[in-house]
Amino acid sequence: MSTPSDKRSEFRKLISDHLAARAALFRTVTSNTTISGTGHELALGELFRDLIPRRYEVLTGTIVPGAGTETGNTQVDLIFSDTHNSPVLVREGNLAAVLP
């Protein structure tokens, strides 16, 4: 009989295998590391979208510092943002500039 610990371990393995398989699809058709890396990031983002509460969004883009400072210039692969309480400054699909 499976214990809760066994089931959690099996769940983690299935999620890991699922993510690896989705990411591997890009690696099988291109040797471009940017494209395969982006494919991996997108697969991971989709996984998190399925697992986190709907009030949070999984975005990519930049986090803009507070007022009076320079705008963000670092690209962030995955941003978890509570867009109910914090506005998205600029958005195009899942590409966004958000506040910290």
Side-chain angles (χ1 to χ4, degrees):
M1 184 158 125
S2 295
T3 67
S5 178
D6 292 339
K7 289 184 184 254
R8 283 190 301 273
S9 180
E10 181 181 0
F11 179 77
R12 283 192 296 269
K13 175 144 179 35
L14 287 170
I15 292 295
S16 177
D17 290 349
H18 174 74
L19 180 59
R22 289 184 66 184
L25 289 173
F26 283 97
R27 286 193 309 274
T28 62
V29 297
T30 183
S31 61
N32 184 297
T33 56
T34 300
I35 292 172
S36 61
T38 299
H40 189 268
E41 293 159 13
L42 292 172
L44 186 59
E46 286 301 315
L47 172 67
F48 281 119
R49 280 185 194 92
D50 290 343
L51 297 175
I52 64 174
R54 293 291 168 229
R55 76 176 287 157
Y56 300 102
E57 289 191 67
V58 181
L59 305 167
T60 188
T62 192
I63 300 171
V64 178
T69 62
E70 293 182 35
T71 59
N73 62 4
T74 302
Q75 192 265 336
V76 180
D77 294 336
L78 293 174
I79 301 170
F80 295 84
S81 180
D82 179 354
T83 54
H84 285 229
N85 293 317
S86 183
V88 173
L89 300 175
V90 179
R91 174 196 294 260
E92 189 63 45
N94 288 330
L95 177 64
V98 301
L99 293 172

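Closest of all the heavy-atom pairs between Arg49 and Leu59 is NH2-N, 4.5 Å. Of all heavy-atom pairs spanning Val88 and Thr83, the tightest one is CG2-CG2, 3.5 Å. The minimum heavy-atom distance between Ile35 and Asn32, with the atom names listed, is N-OD1, 2.9 Å.
Looking at heavy atoms from C-beta onward, Lys7 lies out of side-chain contact with Pro4 at the 4.5 angstrom threshold.
A distance of 15.5 Å separates CD1 of Ile79 from OH of Tyr56, quoted to the nearest 0.5 Å. Note: Leu78 CG to Leu42 CG = 8.5 Å, rounded to the nearest 0.5 Å. Annotation: the span from Leu44 atom CG to Ile15 atom CD1 amounts to 11.0 Å, rounded to 0.5 Å. Atom CG of Leu19 is separated from atom CG of Leu47 by 6.0 Å, given to the nearest 0.5 angstrom.
Pairs passing the ring pair (Phe, Tyr, Trp, His ring centres under 6.0 Å) check and including a residue from residues 28-50, sequence neighbours excluded, read Phe48-Phe80.
Between the Thr38 side chain and the Thr34 main chain, a donor and an acceptor come within less than 3.5 Å of each other. Counting only distance, with no hydrogens or angles, the side chain of Thr60 and the backbone of Leu95 share no donor-acceptor pair below 3.5 Å.
Not a single salt bridge (Lys or Arg N to Asp or Glu O under 4.0 Å) links Glu10 to another residue, sequence neighbours left out. Under the side-chain hydrogen bond (donor to acceptor under 3.5 Å, both in side chains) criterion, Thr3 pairs with Asp6, not counting sequence neighbours. For Arg55, the salt bridge (Lys or Arg N to Asp or Glu O under 4.0 Å) partners at least two apart in sequence or on another chain are Asp82. Considering only residues two or more places apart in sequence or on other chains, Arg27 meets the salt bridge (Lys or Arg N to Asp or Glu O under 4.0 Å) condition with none of them. Evaluation of the salt bridge (Lys or Arg N to Asp or Glu O under 4.0 Å) rule for Asp17 yields Lys13 as partners, not counting sequence neighbours.
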